[in-house]
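Everything below concerns the one structure shown next.
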Amino acid sequence: MPNLRDIRTRITSVTNTGKITKAMQMVSAAKLRRAQNAMLATRPYAIKLFEMLSYLASAVERESYPLLNLRQRRLVELIVLTSDKGLCGAFNTNVLKETARLINELKAEGIAVSIVAVGKKARDYFHRVGIPIRKTFVDFYKHVKFEDAQAIAGEIIESYTNESVDELIIVYNEYKTVLQQTPKRARLLPVETQASGYTGDGILDKFIFEPSEAEILNALLPKYVENQIFRAVLESRVSEEAARMVAMENANKNTKDLMGKLTLQYNKARQAAITIELMDIVGGAEALAND
Amino acid sequence: MTDKLTLEIITPEGFTFTEEVDELTAPGTMGEFGVLPGHAPFMTTLETGAITYKTGNTSKQVVVKAAYAQVIDDHVLVLADSAELKQ
């Protein structure tokens, strides 16, 4: 049986852990709300951009645009979005598992894979399993700016247009609810547009384009990819905080359970010590009385 | 309503700006252009620079970066990387 002081030390240590998890949970809750607002703020832009793009894409010959064109898949690039920090449950594991699955699928088809790792956890994972990373982006999660997404997009669009990469897939945690985030893969390039729907109403014929449809589309397509990456990063951020909040809530509950058990153990030990002491005294007194 | 334009500016980071204006000029890639109510459907890329709009006698400016503009039915939509109201 552990002695009293050992138990007391453990109780103090568990109490402290509980304080930390509780604090982290509250911090995550606040960050979650902020991240959610940031995610929602991108929506109007994304909707309008997609509308503009669909107008344009239906007006041009798709074949002449590398960013719209499907080509034979020889090398597929994966952008993997994880967090920089841990303590967020299965958040990173889920994405990395999904990525490993995707890599296996592609390899089975004889397609080569190259990796762009976003977040320290992805970087460390690919290092550990020995998969080479083409490019790493870390340390910008605190305040995600559009320029960060542009930096990632610029790198990737370039390797896509010079045909060293044939397709681009992004893997990230999709935010469903606070309790549920699921890994998702989405194709970024070639861009999928809703080509139909705008052709019939003749509005395109009335449009004046300056410089030309082609040039506007050429400028808009990278914008679209940047925006998709930006949104995925923000969504991953929201998922991360949600996952962390839930993980910390569970941890907090566990410390409470453990505290209950330890306190009980402590009281039992204390009671046992008192009983032994009393028995000693009674024994001693009786021995004296018998004299 | 028909003699007014709606100017709408949106950025990915959530800046939105909507205002009823009488006329505006914007820095197009092919040169500055003006928009008055009743403009034909129009789509263009913009240079980084200031969009000047007039409401009555007052004229104000919004600075936009790497933007696209679209005019449909007296609605001017500007999508910019970033935008800022000039005081």
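Residue numbering restarts at 1 for every chain, and letters A, B, ... go by the order of the sequence lines.
Considering only heavy-atom pairs separated by less than 4.5 Å from chain A, the leading option among T11(B), T45(B), D81(B), T29(B) is D81(B). Contacts with chain B were tallied for Q150(A), E215(A), R231(A), R43(A); Q150(A) has the most, counting heavy-atom pairs under 4.5 Å. The most heavy-atom pairs under 4.5 Å with chain B, out of T42(A), L234(A), L220(A), come from L220(A). Comparing F146(A), Y45(A), F230(A) by heavy-atom pairs within less than 4.5 Å of chain B, the highest count is held by Y45(A).
A distance of 6.0 Å or more separates the ring centres of F42(B) and F209(A).
Using modelled atom types, no side-chain atom of N173(A) and backbone atom of S239(A) make a donor-acceptor pair closer than 3.5 Å.
With Y175(A) as the fixed residue, the side-chain hydrogen bond (donor to acceptor under 3.5 Å, both in side chains) test singles out one of Q36(A), E240(A), Q181(A), E241(A): Q36(A). Exactly one of T82(A), L81(A), V80(A) qualifies for a side chain to side chain contact (heavy atoms under 4.5 Å, CB included) with N92(A). That residue is T82(A).
The pair K4(B)-D74(B) does not count as a salt bridge, with every side-chain nitrogen at least 4.0 angstrom from each carboxylate oxygen. Ion pairing of K184(A) with E98(A) is absent here, as no side-chain N (NZ or NE/NH1/NH2) approaches a carboxylate O to less than 4.0 Å. Salt bridge absent: K145(A) and E13(B) never bring a charged side-chain N and a carboxylate O closer than 4.0 Å.
Both the backbone and the side chain of A219(A) have a heavy atom closer than 4.5 Å to some heavy atom of chain B.
Within 6.0 Å of atom CD in E32(B), more than 12 heavy atoms from other residues, nucleotides or ligands are found, so the atom counts as buried in its surroundings.
Using a 4.5 Å cut-off between non-hydrogen atoms, the part of residues 51-71 of chain B that approaches chain A consists of A66(B), Y68(B), A69(B), Q70(B), V71(B).
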